[in-house]
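Structure first, then comments.
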Amino acid sequence: MPEGWPATEAEARAVQDELRARVILDEPGPPPGTGRVTGVDVAYDDDRDVVVAAAVVLDAATLEVVAEATAVGRICFPYVPGLLAFREVPAVLAALGALPCPPGVVVCDGYGLAHPRRFGLASHLGVLTGLPTIGVAKNPFTFTYADPAAPRGSSAALLAGSEEVGRALRTRDGVKPVFVSVGHRVTLDNACAHTLALTPRYRLPETTRRADALCRRALREATARQEPTSR
DNA sequence: GCGACAG
DNA sequence: ATCTTGTCGC
């Protein structure tokens with residue numbers, strides 16, 4: 001359990017309300033296809049109280065893996081809608097810290113600005129690290145959107161009432177869109193461009209696919225010696 | 001008051 | 001997130 005980590009939901013919401021002021025929204029961020037892009041994801045074993053985070057660094061031009069790292073820890077916050085960051089951030093920080101090179105733009109599995117208090121996981125991670133971050137989620141959470149046109153690349157506003165908090169972006173022809181929002185130091189247009197650059201083949205970005213596979217594998221391995229294989 | 005609700 | 005086999009389709 002990290003120093004000063006909130007113990008209650010009310011404390012956690014107060015932390016969000018305070019850190020939100022530090023989000024930078026007026027920087028365009030690195031152009032897609034250049035430098036590096038890093039995916040982060042987390043897997044859990046609630047019964048054993050184990051959490052594993054993975055960070056996978058890709059060359060943005062080729063999408064080849066150039067580095068990866070994992071971190072194992074204890075679960076330090078329950079899943080509460082709107083407070084996901086408090087469950088995921090400590091392990092993700094550890095995984096990012098274990099990388100041998102700078103991560104470039106960090107792609108999170110979840111939301112940034114598209115959040116009840118406009119401070120989702122990607123915003124939180126961005127503020128704590130200073131890195132440019134974006135959020136790419138698989139579900140619209142509580143937000144609304146008009147279905148984008150069928151071709152890949154089409155998009156529609158992701159709305160909280162009349163406020164655009166992100167974009168529903170079609171990454172594959174005729175397939176359910178992903179939900180992109182800004183984290184820190186990246187523009188929404190640029191975040192969508194990055195997302196398209198990371199989806200040459202599948203609905204989800206290569207970064208999150210790679211990070212997801214790695215943290216699941218690391219969780220299996222971290223968990224393997226504690227309970228013998230049943231048969 | 002009740003249900004919904006990123007991962 | 002996680003529990004879980006096969007199956008339909010490109």
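Quick note on labels: first sequence line is chain A, next is B, and so on, each numbered from 1.
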Is [X] touching bases, backbone alone, or none of the nucleic acid, heavy atoms closer than 4.0 Å?
| X | value |
| --- | --- |
| A:Gly82 | base |
| A:Tyr111 | base |
| A:Ile75 | nothing |
| A:Asp45 | nothing |

Legend entry - Validation row: A:Thr144, A:Pro140 side chains within 4.5 angstrom (heavy atoms):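 No, side chains not in contact.
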Inset, instruction - State, with a plain yes or no, whether a side-chain heavy atom of A:Thr199 is found less than 4.5 Å away from one of A:Arg209. - result: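 Counting from C-beta outward, A:Thr199 and A:Arg209 never come under 4.5 Å.
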Inset, instruction - Could you tell me the separation between the NZ atom of A:Lys176 and the C1' atom of B:dA6, rounded to a whole number of Å? - result: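 To the nearest whole Å, that distance equals 11 Å.
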Legend entry - side-chain N/O A:Lys138 vs B:dG7 OP1/OP2, d < 4.0 Å: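 True: A:Lys138 side-chain N/O within range (under 4.0 Å) of B:dG7 OP1/OP2.
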Legend entry - Short side-chain N/O contact to B:dC5 OP1/OP2 from A:Asn139, under 4.0 Å: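 For B:dC5, OP1/OP2 do not have a side-chain N/O of A:Asn139 under 4.0 Å.
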Inset, instruction - Any chance you could lay out the salt bridge (Lys or Arg N to Asp or Glu O under 4.0 Å) test for A:Arg216 and A:Asp212, step after step, and finish with the verdict? - result: CA-CA 6 Å; A:Arg216 288 189 198 225; A:Asp212 180 78; 3.0 Å; yes
Inset, instruction - Can you run through DNA chain B from 5' to 3' and write each base as (, ), [, ], | or . depending on how it pairs? Watson-Crick or G-U wobble, both distances under 3.5 Å. - result: .......
Legend entry - Aromatic ring proximity A:Tyr145/A:Phe179, centre distance under 6.0 Å: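 Yes, the ring of A:Tyr145 comes within the 6.0 Å limit of the ring of A:Phe179, centre to centre.
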Legend entry - Pair A:His124 and A:Phe86, ring centroids less than 6.0 Å apart: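 Yes, ring centres under 6.0 Å apart.
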Legend entry - A:Arg22 atom CZ, over 12 foreign heavy atoms within 6.0 Å: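 No.
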Inset, instruction - Spell out, as yes or no, whether a donor-acceptor pair under 3.5 Å connects the side chain of A:Asp109 to the backbone of A:Asp41. - result: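 Side chain of A:Asp109 to backbone of A:Asp41, a donor-acceptor pair under 3.5 Å: no, none is there.
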Inset, instruction - Please find the earliest and latest nucleotides of DNA chain C, in the 5' to 3' direction, that have an atom within less than 4.0 Å of any heavy atom of chain A. - result: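 Range of nucleotides touched by chain A: C:dA1 to C:dT2.
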Inset, instruction - Would you please determine if the base of B:dG7 is stacked by A:Tyr79, with stacking meaning a centroid separation under 5.5 angstrom and planes under 30 degrees? - result: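 Stacked: centres under 5.5 Å apart, planes under 30°.
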Legend entry - Electrostatic pair A:Asp173:A:Arg170 at N-O distance under 4.0 angstrom: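 So A:Asp173 does not pair with A:Arg170 through a salt bridge.
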